[in-house]
Amino acid sequence: MAGGSDVAEASSLSCLQCGKPANLQCPKCMELKLPRDGASFCTQDCFKASWSSHKSVHLKAKLSSLGAGATGDQKSDATTEGWQYCIKKGQARTPKLPYFDWTGSLRPYPISSKRTVPAHIDKPDWANDGIPKIEPNSDLQHVVEIKTPDQIKRMRETCRIGREVLDAAARIIQPGITTDEIDRVVHDATIAAGGYPSPLNYHFFPKSCCTSVNEVICHGIPDARKLEDGDIVNVDVTVYYNGVHGDLNETFFVGNVDEESRKLVQVTYECLEKAISIVKPGMRFREIGEVVNRHASMSGLSVVKSYCGHGIGELFHCAPNIPHYARNKAVGVMKAGQTFTIEPMINAGVWRDRMWPDGWTAVTADGKRSAQFEHTLLVTETGVEVLTARLPSSPNVYPWLNA
């Protein structure tokens with residue numbers, strides 16, 4: 001949560017997210033004694049919306065304090081040694097160092113080395129050094145882009161590839177396989193289609209997809225832990241192809257899953273479907289959260305507030321910001337030609353989250369399970385097109401779709 005600061009000084013600063021006068025400061029930046037002009041926000045909502053990109057500032061500061069990242073060789077070491085990856089960022093992927101009050105039974109396991117991408121694959125600007133250059137400073141962080149027919153055509157193709165990649169991952173999910181094996185399938189399928197796995201090295205993320213098991217809400221790092229009978233696992237895939245990104249995720253059952261977890265996953269699926277059903281020109285973005293929250297609450301479940309849907313296209317993350325909770329303050333109305341994700345994260349217990357020491361893995365504060373589904377959407381003149389929709393060839397993994 002963004003903390004307060006000297007208002008007189010902050011009033012001359014601009015919000016990193018929307019450009020308005022800022023009077024809040026990122027508490028982590030204050031702790032690290034970083035410049036205030038790079039850590040100012042006007043509201044908590046803007047702070048939350050900026051978090052996925054802003055936190056890389058903290059990583060860079062930690063790298064500097066460790067004496068790493070000063071030379072090309074050191075950067076290379078830090079981004080190619082998968083198992084040591086988070087340790088070199090001043091963070092940990094071991095249950096022993098540092099001490100951490102784990103909220104559930106899941107623990108981090110070793111991470112394999114960074115996977116390679118062939119030279120002929122077109123890459124986003126963070127592929128080599130882990131730092132997005134165009135995205136953070138783009139006007140599209142504040143203005144919702146209306147896509148051109150050419151952009152829409154490219155996004156349809158990229159999103160179809162993303163769907164096929166996620167389907168490939170879904171087919172191998174069973175007890176005994178590791179999330180690292182899921183990552184390998186995602187990586188290889190993306191490369192085979194001529195795409196780049198967008199998460200790979202994005203703000204130093206070490207893998208080609210996110211795999212979030214049980215109490216992990218989002219951004220779980222694929223590792224050597226074997227999936228167990230009764231687990232649930234979300235696989236979040238984003239593909240960069242022909243200059244645009246396509247983003248989607250689904251939560252899967254591993255073997256025989258208990259009834260409570262089945263209900264959690266089905267209700268989360270329904271939350272996304274109900275949210276998509278209201279997308280059309282003239283609808284306010286903030287209404288999405290009302291729809292999601294209403295359905296989740298009726299089932300006794302809670303909605304995560306720390307992570308939101310987002311605009312997408314030639315940028316991985318941009319405006320609009322799409323909160324999934326009720327009484328949110330999302331600005332603006334939908335217009336034909338806009339593309340964005342809706343990706344509700346629904347918890348079996350409390351909505352609050354905690355961050356693992358690796359700096360990525362967000363887990364439920366009470367250790368209970370969480371589920372998520374995501375689509376990339378295009379607002380049309382008459383409603384909505386689900387660009388990442390399931391295909392006739394998609395694996396039949398959800399019993400309620402057969403009803």
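Only a predicted model underlies this, so the values are computations on that prediction, with no experimental measurement involved. Both backbone and side-chain heavy atoms feed into the values below; hydrogens, waters and symmetry mates do not.
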Seminar exercise, completed: NE2 (H245) and OG1 (T339) are apart, to the nearest 0.5 Å, by 11.0 Å

For this session: Answer yes or no: are there more than 12 heavy-atom neighbours, outside I134 itself, under 6.0 Å from its atom CD1?
Result: no

Exercise. Taking only residues two or more places apart in sequence or in another chain, which ones pass ring pair (Phe, Tyr, Trp, His ring centres under 6.0 Å) with H310?
Worked result: H317

Exercise. Is the closest side-chain heavy-atom distance between T251 and T268 below 4.5 Å?
Worked result: no

Problem set entry | Audit row: S112, D180, side-chain hydrogen bond (donor to acceptor under 3.5 Å, both in side chains) steps and yes/no | CA-CA 7 Å; S112 64; D180 187 62; 2.8 Å; yes

Exercise. So which pairs with a foot in residues 275-294 pass ring-ring contact (aromatic ring centres under 6.0 Å, His included), sequence neighbours left out?
Worked result: F285-F340

Exercise. Are a donor atom and an acceptor atom from the side chains of T103 and R354 found within less than 3.5 Å of each other?
Worked result: no

Exercise. With a 4.5 Å limit on heavy-atom distance, are the side chains of V379 and M283 in contact?
Worked result: no

Exercise. Is any side-chain heavy atom of R115 less than 4.5 Å from a side-chain heavy atom of D183?
Worked result: yes

Exercise. So does K153 have more than 12 non-hydrogen atoms from other groups sitting under 6.0 Å from NZ?
Worked result: no

For this session: Verify, without hydrogens or angle tests, whether T158 (side chain) and M155 (backbone) share a donor-acceptor contact under 3.5 angstrom.
Result: no

For this session: Evaluate side chain to side chain contact (heavy atoms under 4.5 Å, CB included) for V216 paired with N234, printing each intermediate quantity in order.
Result: CA-CA 9 Å; V216 180; N234 178 275; over 6 Å; no

Exercise. Any side chain to side chain donor-acceptor pair (under 3.5 Å) pairs touching residues 320-338, not counting sequence neighbours?
Worked result: D45-Y325

For this session: Give a yes-or-no answer on whether the side chains of E181 and T178 include a donor-acceptor pair shorter than 3.5 Å.
Result: yes

Exercise. Are any side-chain N or O atoms of K263 and backbone N or O atoms of S299, one a donor and one an acceptor, separated by less than 3.5 Å?
Worked result: yes

Scan the side chains in residues 162-174 for donor-acceptor partners under 3.5 Å anywhere in the protein, sequence neighbours excluded, and list what turns up.
residue: R163; atom: NE; partner: T388; partner atom: O; Å: 3.1
residue: R163; atom: NE; partner: A389; partner atom: O; Å: 3.4
residue: R163; atom: NH1; partner: D167; partner atom: OD1; Å: 3.0
residue: R163; atom: NH1; partner: E250; partner atom: OE2; Å: 3.2
residue: R163; atom: NH2; partner: E250; partner atom: OE2; Å: 3.1
residue: R163; atom: NH2; partner: T388; partner atom: O; Å: 3.1
residue: E164; atom: OE1; partner: R160; partner atom: NH1; Å: 3.2
residue: E164; atom: OE2; partner: R160; partner atom: NH1; Å: 3.0
residue: D167; atom: OD2; partner: S394; partner atom: OG; Å: 2.7
residue: R171; atom: NH2; partner: S393; partner atom: O; Å: 2.9

For this session: Check step by step if ring-ring contact (aromatic ring centres under 6.0 Å, His included) holds for Y202 and Y240.
Result: CA-CA 12 Å; Y202 180 72; Y240 179 70; over 10 Å; no

Exercise. How about K226: does its NZ atom have over 12 heavy atoms from other parts shown lying under 6.0 Å from it?
Worked result: no

Exercise. Taking K207 for the side chain and F205 for the main chain, is one N or O donor matched with an acceptor at less than 3.5 Å?
Worked result: no

For this session: Indicate yes or no for a side-chain donor-acceptor contact from R262 to the backbone of V257 under 3.5 Å, with no hydrogens or angles considered.
Result: yes

Problem set entry | Any donor-acceptor pair under 3.5 Å from R352 side chain to K305 backbone | no

Exercise. Rounded to the nearest 0.5 Å, what separation is found between the CG atom of L272 and the CD atom of E343?
Worked result: 9.5 Å

Exercise. Regarding N347 and T364, is there a side-chain donor-to-acceptor distance under 3.5 Å anywhere?
Worked result: no

Problem set entry | Heavy-atom check, side chain of I278 versus side chain of E290, under 4.5 Å | no

Exercise. With side chains defined as the heavy atoms from C-beta onward, is the minimum distance between P344 and V303 less than 4.5 Å?
Worked result: no

Exercise. Are any of the side-chain heavy atoms of F373 and E273 separated by less than 4.5 Å?
Worked result: no

Exercise. Do side-chain atoms of T238 reach the backbone of P199 as a donor and acceptor pair under 3.5 angstrom?
Worked result: no

Seminar exercise, completed: CG (L377) and CD1 (I276) are apart, to the nearest 0.5 Å, by 5.0 Å

For this session: Please step through side chain to side chain contact (heavy atoms under 4.5 Å, CB included) for the pair L315 and Q141, ending with a clear verdict.
Result: CA-CA 9 Å; L315 301 181; Q141 297 301 337; 4.2 Å; yes

Exercise. Do I182 and L227 have side chains that get closer than 4.5 Å, going by heavy atoms?
Worked result: yes

Seminar exercise, completed: Rounding to 0.5 Å, atoms OG (S261) and CG (N214) come to a distance of 7.0 Å

For this session: Can you measure from CG (D229) to CG (N256) and round to the nearest 0.5 angstrom?
Result: 4.5 Å

Exercise. Backbone N or O of H295 within a donor-acceptor pair of the K274 side chain at under 3.5 Å?
Worked result: no

Exercise. In chain order, what residues pass the ring pair (Phe, Tyr, Trp, His ring centres under 6.0 Å) check against F252, with sequence neighbours excluded?
Worked result: none

Exercise. Taking only residues two or more places apart in sequence or in another chain, which ones pass salt bridge (Lys or Arg N to Asp or Glu O under 4.0 Å) with E314?
Worked result: R154

For this session: Check the pair V384 / M334 against side chain to side chain contact (heavy atoms under 4.5 Å, CB included), numbers first and verdict last.
Result: CA-CA 10 Å; V384 62; M334 301 174 195; over 6 Å; no

Seminar exercise, completed: Here the gap from N249 atom CG to C210 atom SG, rounded to the nearest 0.5 Å, amounts to 9.0 Å

Problem set entry | Test item: side-chain donor near acceptor, S370 and E215, under 3.5 Å | no

Exercise. Side-chain contact, heavy-atom cut-off 4.5 Å: W400 with E270?
Worked result: no

For this session: Could you tell me whether K147 and E145 have a side-chain N and a carboxylate O separated by less than 4.0 Å?
Result: yes

